[in-house]
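Some notes on the structure that comes next.
Residue numbers begin at 1 in each chain, while the letters A, B, ... track the order of the sequences.
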Amino acid sequence: MARFVLAVAIAIALVFPLVFSGAFYERVAALTLLYAIAASAWNLIGGYAGQVSVGHVVFFGCGAYGAAVAYSEWGLPPIAGLPLGVGAAVLLAALVGVPTLRLSGHYFTMATVALAELIRILVGNVPVLGAAVGLMGPAVPRSVWDLSFTSSLPYYYLFLAVLAGLLLFTWWMERSRMGFYLRAIKGSERAARSLGIPVGRYKLYALMLSAGFTAVAGALYLVMVGFVDPDSGVGILLSVKMLIMAALGGAGTLFGPLIGALILVPLEEISNSLLGGQGSGVTFVVYGGIILLIAVFQPGGILAMVAGWWRKS
Amino acid sequence: MSPILLQVIVGGLLLGAVYALFSSGLTLIWGMMNVVNFAHGDFVMLAMYVAFWTWAIIGGGPLLFTPLAAFALAVLGVVVYFGVVKPVMGGPMLAQMLGTFGLALFLRYSAFWAFTANFRTLPEDMIPGSFVVGGVRFEAAKVVAGIVALLLTIGLHLLLTKTRLGSRMLAVSEDRQAAMLMGIRPDRMQAIAWALAAGATGVAGALIATFFYVSPTVGETLAVIAFVVVSLGGFGSVPGALVAGLLIGVIESLSAFWIGAVYKDVLVYALFLVVLWVRPQGLFGKL
Amino acid sequence: MRKFAMAVTTALVMAGAGQVLAQGTVKIGAIYPLSGNAASAGQSSKAAIEMAVDIVNQDLLDLGDLAMAKGAGLTNMKGAKVEVVFADNQGTPAAGQSQALRLITEEKVAAIVGAYQSGITLTASAVAERYGIPFLTPESVATNLTERGFKWFFRATPITSDLAAAYIDFLKERRAAGKKIDSIAIVNENTEYGSSIAESLRKAFGANGFNVTMEIPYSANTSDVQPQVLQLKDKNPDLVIFVTYTSDAILYAKAMRSLNYRPTMMLADNAGFNDPAFVEQVGNLVEGVINRSAFAPGNPGTIPHRINEMFKAKTGRDLDDPSARAMMGMLVMCDAINRAGGTEPAKIQAALKATDLKVNQILTGYRGVKFDEKGQNILAFTLITQMHDGKYVPVWPAGQASAPVKDYVGWR
Amino acid sequence: MLIEARGVTMRFGGFTAVDAVDLDVAEGRITGLIGPNGAGKSTFFNCLAGDYRPSAGSIRFAGREIAGLTPESHARLGMARTYQVPHTFTDMSVGDNVMVGAFLRHRRTADARRAADAVLERTGLAGQARHRASSLGTAGRKRLEIARALATEPKVLLLDEALAGLTATEIQAAITLVRDIHRSGITIVIVEHIMEVILSLADRVTVFHHGRIISQGTPGEVTGDPKVVEAYLGRSLERQRQRAAEASG
């Protein structure tokens with residue numbers, strides 16, 4: 001049954017944009033997948049290992065700025081900056097992980113907030129990174145390698161492939177020793193250590209993996225949007241969004257972040273399209289209200305609710 | 001010490017007292033219930049609007065609008081406790097973050113919708129003027145806020161440590177089940193805690209409105225500092241929030257004056273991280 | 001594949017355009033920050049653009065030669081009405097881009113104006129460029145916007161170097177009048193707006209023999225500005241320049257009063273100090289502050305005064321500079337569409353390139369509107385204003401001044 | 001000796017909870033640590049398990065110094081422990097809880113699964129393997145705690161009050177399980193404050209009082225020791241006095 005549902009979902013994902021077209025909706029679909037990648041990457045440390053980071057946007061920023069710098073400094077296609085961005089993110093994760101992962105619960109969360117804000121301010125003062133003005137990708141595509149398309153479809157399939165890869169990796173990890181260890185760490189660090197798990201090291205692995213994939217999302221963001229500045233690339237709101245999407249769908253589950261993104265991104269884009277033009281703020285009253293209602297009535301996330309129905313039926 | 005440097009330090013202390021003032025409610029909730037209230041800044045914002053509209057509509061001053069804001073926010077706190085917090089408390093920590101984040105957006109943009117995005121200020125003479133002592137100028141509005149912060153801190157601390165109500169509230173926060181066996185009604189205690197915390201936030205917002213601007217997004221500006229103050233002081237420690245607030249106020253002022261205003265937040269965050277490195281439970285927190 | 005997609009979308013746009021004409025209305029998209037930190041400015045711009053649409057659609061005889069005022073609707077298109085579709089950029093480049101795409105492909109707009117923040121104008125206009133839809137920014141000043149080699153992008157506003165040039169000319173006159181301007185301090189917020197203006201000013205001052213002795217960048221939306229004011233008080237430079245948004249401007253005005261600091265000469269670059277909310281509520285604390293504005297209401301009987309009255313009747317507040325520029329930008333776009341006589345993008349593009357509005361046809365202080373090959377308005381210009389009794393009045397250039405320059409007073 | 005503790009001391013601030021304790025645990029035995037509440041037996045136990053780093057002294061395990069090593073190193077060397085209040089991974093199934101332990105010796109998931117299944121079978125949890133661990137009651141959680149520790153394939157199993165809070169029938173079942181584990185060749189150290197249970201289970205008993213060992217020997221020797229009687233009796237007398245004082249006050 002579960003396999004059947006999955007097969008249908010994959011089929012829908014593949015043909016959806018061909019059937020249900022319209023440039024704007026294709027873009028919303030592509031953005032949904034992009035945020036699903038970021039939220040699924042966050043899920044590795046935040047969901048599985050239970051270390052709630054609200055500073056993940058710095059890894060996203062590594063990817064976005066890596067891609068932007070590849071173009072602005074060396075004239076390369078932005079995507080060529082992907083390894084740079086991912087490398088920087090993984091390195092940064094290793095550097096900040098060692099001191100912060102010792103902290104428990106909310107203190108870890110607050111440390112990540114402080115780090116992210118600190119880095120945002122610093123980025124705004126670094127000329128190579130465009131300082132406060134930001135950096136842009138190629139304004140007019142020079143070759144196909146700039147991956148600059150009018151249609152959102154190429155992005156949709158690119159993001160779909162990356163997301164599939166990430167989910168496949170997560171699926172494999174969930175079933176491997178690492179997956180069990182991370183969930184044990186989330187359950188009780190003390191018990192995990194008594195069972196021989198080197199807790200600090202596994203948390204660090206999870207953070208580095210998570211940071212690397214988040215940076216991939218950041219690089220893809222730059223390729224699609226073509227511009228990054230301190231607010232859009234390292235602003236705290238994006239960290240919160242990753243967390244919210246994962247929590248809404250079900251943190252620490254394979255498809256939770258994707259489901260969260262499937263709900264929140266279209267909700268945000270479409271409510272903004274329908275209501276944003278009034279300029280009355282109603283968009284966010286609706287958006288915030290729906291998040292609030294889901295949290296109150298389904299604290300475990302949407303997947304928990306679905307799982308509940310499943311068991312009942 | 002040059003008078004201007006003294007002025008910088010005094011300014012930092014007064015600013016720090018204000019930080020402590022709007023952080024005490026957050027630390028209370030955080031410590032008592034282990035709930036991170038993302039909507040805290042928006043509570044402050046609503047209190048500021050209560051103050052502004054009380055003045056704009058009926059011309060009331062701080063003596064009227066401060067208790068009014070405290071009352072309005074206390075009511076809001078109880079509503080939020082039963083409507084949002086209680087249902088999510090049983091769930092994972094992420095559910096609480098989700099809920100209060102949704103609440104934050106909802107409150108912020110409800111204010112936006114109702115009051116527009118326009119910036120508003122109370123007139124300058126609400127708590128009038130400033131006075132000079134030893135070459136240093138004291139802004140009356142901030143002095144009042146500072147004194148209230150001190151009183152509020154002492155009051156809340158005494159309430160928690162010296163009264164029957166306080167010990168019952170702490171009992172609930174330590175072990176809900178055991179407290180129930182002792183005949184304490186946890187819901188009631190936690191609702192009271194929310195009323196107290198939100199009421200304190202109401203006082204803070206109303207007083208801050210006398211020297212700050214009011215807008216729907218003002219809470220965002222203040223909330224990040226409140227979070228740093230609370231965790232630096234140690235979650236749940238009201239005196240910790242006071243000390244951390246004063247410390248951050250002075251460091252911000254001195255670093256802005258000496259190093260440059262752009263870097264003052266960098267310094268505060270760096271200090272915060274160093275403190276956590278040395279003391280993972282914050283200055284006054286318990287592990 | 002790409003060509004195919006392009007062809008399909010172009011066909012869709014064309015089909016949409018035909019439909020628009022048949023209904024007798026022309027849709028123009030407007031992207032502004034209608035939520036988030038810049039929402040106050042965005043809402044004001046929205047009201048100004050709505051008023052521009054009223055000016056176009058109604059036959060207003062009391063606005064003199066103002067572009068599009070005479071005759072109801074687009075006179076060259078059988079009086080077709082203009083309809084504006086607003087979109088909220090939510091203060092993020094990605095949302096600005098999404099909304100530009102929606103306006104083009106879903107709403108089938110003939111052209112777009114916006115998007116306030118330079119970074120968002122950058123991403124939104126990139127979509128318009130791809131779809132071949134004219135995009136005009138009435139207010140974004142970042143230099144790189146017109147350096148991208150775009151064919152569908154136009155900018156009506158003066159850019160940072162124009163503003164710096166105006167300040168230099170004005171200050172040279174003040175110096176000639178015997179004012180001492182040997183030391184200058186620049187206090188700027190550190191986002192894109194503040195830092196790019198500050199950099200332009202620094203360069204221009206250096207090249208013209210003015211000495212920038214202090215630079216105080218600070219983080220926008222700060223909770224306290226007293227240390228910065230104390231730094232200024234300590235050094236007391238001859239001229240202090242503020243480049244800030246509204247929230248911080250309010251705090252600076254209040255802090256200067258509570259710390260009893262009155263600079264000899266104080267200049268504020270637009271933005272926060274120009275926000276009607278600022279002028280109305282704390283304007284009385286900065287009497288004599290010099291500002292720049294492309295718009296000044298002027299004396300009763302003049303056209304700007306009449307427009308300000310209309311705006312006030314609509315919104316309850318005075319028309320501020322960015323909103324006036326938004327209004328003007330919308331009129332420029334409508335003028336081009338009218339001259340194009342249709343909504344085919346290429347015709348509008350050609351008409352925009354041929355734009356030549358004279359000083360009497362515009363409501364802002366520009367010397368006219370005429371675009372160079374990069375899309376920049378080469379006649380863009382700004383006035384220098386000063387706070388006189390709680391209101392900004394133009395004091396420079398002499399031809400457009402309604403009062404003489406006075407010394408800084410602060411509060412009374 | 002499998003475990004040799006010499007001069008183990010544990011201080012918290014100014015308070016000395018364990019004072020220069022020497023203790024030997026012979027391979028293949030069941031060693032019981034008993035003593036009144038606050039006697040220091042649990043603190044000493046946590047030193048053995050690596051949860052506390054002793055302030056002074058040496059602990060050798062199979063000839064290797066382990067005092068100050070991390071809990072995870074203890075586990076890797078073959079020391080597994082349970083907690084008095086079970087630290088169940090409530091988000092996971094019963095079987096997956098045991099898997100976590102099994103992964104210590106089996107890297108591959110399939111191998112770990114096989115090892116865990118064997119442990120589940122042995123501990124009588126096979127029927128609940130697919131249930132969520134949060135659905136277990138106290139007895140079930142304590143049993144799971146033992147199963148998880150067993151899955152790490154230890155040489156010695158340290159049980160912290162594995163029987164406390166259980167009903168009489170549950171205690172019998174637990175004793176059977178411990179005996180069974182012992183028969184398979186695993187050395188057992190068990191902390192209990194219920195004397196009756198330990199006396200029937202242990203080969204050798206060590207009695208703690210005020211942070212020191214006051215008596216060691218077979219259950220028979222220890223119960224005959226007047227110092228032990230005094231420690232427990234004195235305690236109960238004191239308690240009676242307190243109750244009387246409370247009643248009159």
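The NE2 atom of D/H74 sits 14.0 Å away from the CG atom of A/L195 when rounded to the nearest 0.5 Å. Taking CD from A/E189 and NE2 from D/H87, the interatomic distance works out to 12.0 Å, rounded to the nearest 0.5 Å. With values rounded to the nearest 0.5 angstrom, D/R108 atom CZ is found 12.5 Å from A/S176 atom OG.
Taking each heavy atom of A/A184 and D/M92 in turn, the nearest pair found is N-SD, 4.2 Å. Closest of all the heavy-atom pairs between A/Y181 and D/L104 is OH-N, 3.6 Å. In terms of heavy-atom proximity, A/R193 sits nearest to D/A75 at O-CB, 4.4 Å.
Atom CZ of D/R122 is surrounded by more than 12 heavy atoms from other residues, nucleotides or ligands within 6.0 Å. Annotation: D/E65, atom CD; neighbour count of heavy atoms from other residues, nucleotides and ligands within 6.0 Å is above 12. For D/R53, the CZ atom counts as loosely surrounded, since its 6.0 Å shell holds 12 or fewer non-hydrogen atoms of other residues, nucleotides or ligands.
D/T152 touches chain A through its side chain: at least one heavy atom from C-beta onward sits under 4.5 Å away, while N, CA, C and O do not. Contacts between D/D91 and chain A at a heavy-atom distance below 4.5 Å involve the side chain alone, from C-beta outward. With a 4.5 angstrom heavy-atom cutoff, D/F103 touches chain A via backbone and side-chain atoms both.
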Inset, instruction - Take D/Y83 and A/S194 through the side-chain contact (heavy atoms from CB on, under 4.5 Å) test and state the conclusion after the steps. - result: CA-CA 10 Å; D/Y83 288 92; A/S194 82; 3.8 Å; yes
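No side-chain heavy atom of D/E72 sits under 4.5 Å from any side-chain heavy atom of A/V199.
Interface check for chain D: of the options A/A192, A/G187, A/S188, A/P198, the most heavy-atom pairs under 4.5 Å are formed by A/S188. Counting heavy-atom pairs closer than 4.5 Å to chain A, the top-ranked of the candidates D/T109, D/L77, D/T70 is D/T109.
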